[in-house]
Amino acid sequence: MVREQLEARAITDPALLDAFRRVPRHAFAAEPEPPTAYGDHALPLPAGQTISQPYIVAAMTSAAQPPGGWRGAQVLEVGTGSGYQAAILAELGAEVVSIERHRELSRLAAEQLVANGYHGVRLLVGDGSEGAPEWAPYDAIIVTAAGPSIPQPLIDQLAPSGGRLVMPIGSRDHQLVTVVERHGSEVRTRQLEPAVFVPLIGEHGFTDE
Ligand code: SAH
C-alpha cells in the first residue's frame, strides 16, 4: 500500500509514510479482510459511511501539516468515522481531538483506537461543522466529510499563526479538496484535487436528507 499507492504518487514525507506502515488499516475496517483493507480504494463503514482511499488520507494529511510540524500540534478532525485518520495523526505525534455525529461510529472508533494503543485521542460526539471550541485553537483541522463551503467556526478555531484546514468543498456528489491557511485575519485558499466524500451534515454543512 505504501509503496504502490503513496510513494508512487509523490507522498514523500518519511514520518507520514511510517505512520501508514504502523497503523493497521484492517483493524479499522468494518470487514477486516486483508488484502482488501489495503486496496487502492475507500472502505465501507456502518451507517453508510466510508474510510477514504489511503492516498486521499495521505494527501489531505500532508496538505494539513502545520508550520511547526505534527509533534505536539493541536489537531481537530471532523468526521471520526472508523478512527483510521485519527490513528494516523496520533502516530505523527499530534494531540488529536476528533468529532463524529454518529454516536455508534464514535463508540466503535474508540474501541479500535484503544485496542491499537492510541489512548490519547479525544473523541467527541456532535456537529463538527461547529468545530470544538473548547480545545481550540488548532494548528491543523482535517474535515473528512464534504461541505458546500468552509464552515466559519472552523476558520475561527484555526491558529492565526499559519494554521491549516483541509476539507473537500463542493456539491454532495463531487468536490475539490481545499486547503485554507490562516495568517491573522488573512485567509488564503487553494485547491488540490477532485474527490468524492460523504456529506458533512450539520449547521454549517448540508442538511440531512
Ligand atoms: N475519517 C474517517 C472517515 C470519515 S467518513 C476515517 O478515517 O475512518 C465521514 C464521517 O463524517 C462519517 O462518519 C460521518 O458520520 C461524519 N460526519 C458527517 N457530518 C458530520 C458532522 N457535522 N460532524 C461530525 N461528523 C460528521
Side-chain angles (χ1 to χ4, degrees), residues 1 16 19-20 22-32 36-39 41-64 75-92 94 96-113 115-116 118 121-135 138 140-154 157 165-170 172-173 175 177 195-209:
M1 179 184 89
L16 184 58
F20 276 88
R22 284 197 296 264
V23 177
R25 186 165 161 95
H26 65 273
F28 292 89
E31 289 163 49
T36 321
Y38 294 87
H41 47 72
L43 295 169
L45 291 178
Q49 307 301 322
T50 54
I51 313 186
S52 302
Q53 178 193 18
Y55 169 70
I56 286 287
V57 179
M60 286 178 72
T61 307
S62 182
V75 178
L76 175 67
E77 179 195 20
V78 177
T80 311
S82 68
Y84 180 71
Q85 167 81 75
I88 296 283
L89 293 166
E91 271 292 349
L92 289 165
V96 185
V97 176
S98 182
I99 183 163
E100 168 58 51
R101 68 187 280 268
H102 283 294
R103 186 170 297 277
E104 179 61 9
L105 286 180
S106 182
R107 195 186 63 72
L108 291 169
E111 269 178 28
Q112 282 317 316
L113 285 165
N116 288 281
Y118 304 103
V121 177
R122 193 182 297 278
L123 296 180
L124 311 174
V125 174
D127 177 8
S129 78
E130 303 273 17
E134 350 26 340
W135 315 103
Y138 298 101
I141 300 179
I142 299 184
V143 184
T144 61
S149 59
I150 314 267
Q152 187 61 44
L154 299 185
Q157 291 167 37
L165 180 157
V166 179
M167 173 176 175
I169 299 292
R172 279 177 189 264
D173 34 53
Q175 307 97 32
V177 175
V196 180
F197 277 77
V198 296
L200 178 75
I201 307 291
E203 185 62 29
H204 303 272
F206 291 110
T207 53
D208 205 354
E209 277 187 343

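Numbers here simply count residues along the sequence, with the first being 1. Treat the numbers as computed from the prediction; the structure is a model and nothing was measured. In each ligand, atom 1 is the first atom listed, and ligand 1 is the first ligand listed. Reckoned from all heavy atoms, side chains included, excluding hydrogens, waters and symmetry mates.
Considering only non-hydrogen protein atoms, atom 14 (C) of ligand 1 sits nearest to Gln49 OE1, 3.3 Å. For atom 9 (C) of ligand 1, the nearest non-hydrogen atom of the protein is Thr144 O, 3.3 Å. Protein heavy atom nearest atom 3 (C) of ligand 1, with residue, atom name and distance: Thr50 O, 3.2 Å. Nearest non-hydrogen protein atom to atom 15 (O) of ligand 1 is Glu100 OE2, 2.6 Å. Looking only at protein heavy atoms, the nearest one to atom 23 (N) of ligand 1 is Gly128 N, 2.7 Å. The nearest protein atom to atom 24 (C) of ligand 1, hydrogens excluded, is given as Arg101 N, 3.3 Å; this is a heavy-atom distance.
Ligand 1 lies out of reach of Ala109, whose nearest heavy atom is not under 4.0 Å from it. At least one heavy atom of Glu77 sits under 4.0 Å from some atom of ligand 1. Using a 4.0 angstrom heavy-atom cutoff, Pro199 counts as in contact with ligand 1.
A distance of 6.5 Å separates CE in Met60 from OG1 in Thr144, rounded to the nearest 0.5 Å.
Taking distance alone, with nitrogen or oxygen atoms compared against 3.5 Å, Ala145 stays at or beyond that limit from ligand 1. In terms of polar-atom proximity, Ser82 is counted as a contact of ligand 1, with an N or O under 3.5 Å from an N or O of the ligand. For the pair Ile201 and ligand 1, the shortest N or O to N or O distance falls below 3.5 Å. Taking distance alone, with nitrogen or oxygen atoms compared against 3.5 Å, Gly202 stays at or beyond that limit from ligand 1.
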Practice task
Evaluate the criterion side-chain contact (heavy atoms from CB on, under 4.5 Å) for residue pair Leu45 and Leu108; output intermediate values, then yes/no.
Solution key: CA-CA 10 Å; Leu45 291 178; Leu108 291 169; over 6 Å; no
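Leu92 has its side chain out of reach of Val75: every pair of non-hydrogen atoms, C-beta onward, lies at least 4.5 Å apart.
Without hydrogens or angle criteria, Gln157 side chain to Ala132 main chain gives a donor-acceptor distance under 3.5 Å.
Classification of the Phe28-Tyr118 ring pair by plane angle, with boundaries at 30° and 60°, yields tilted.
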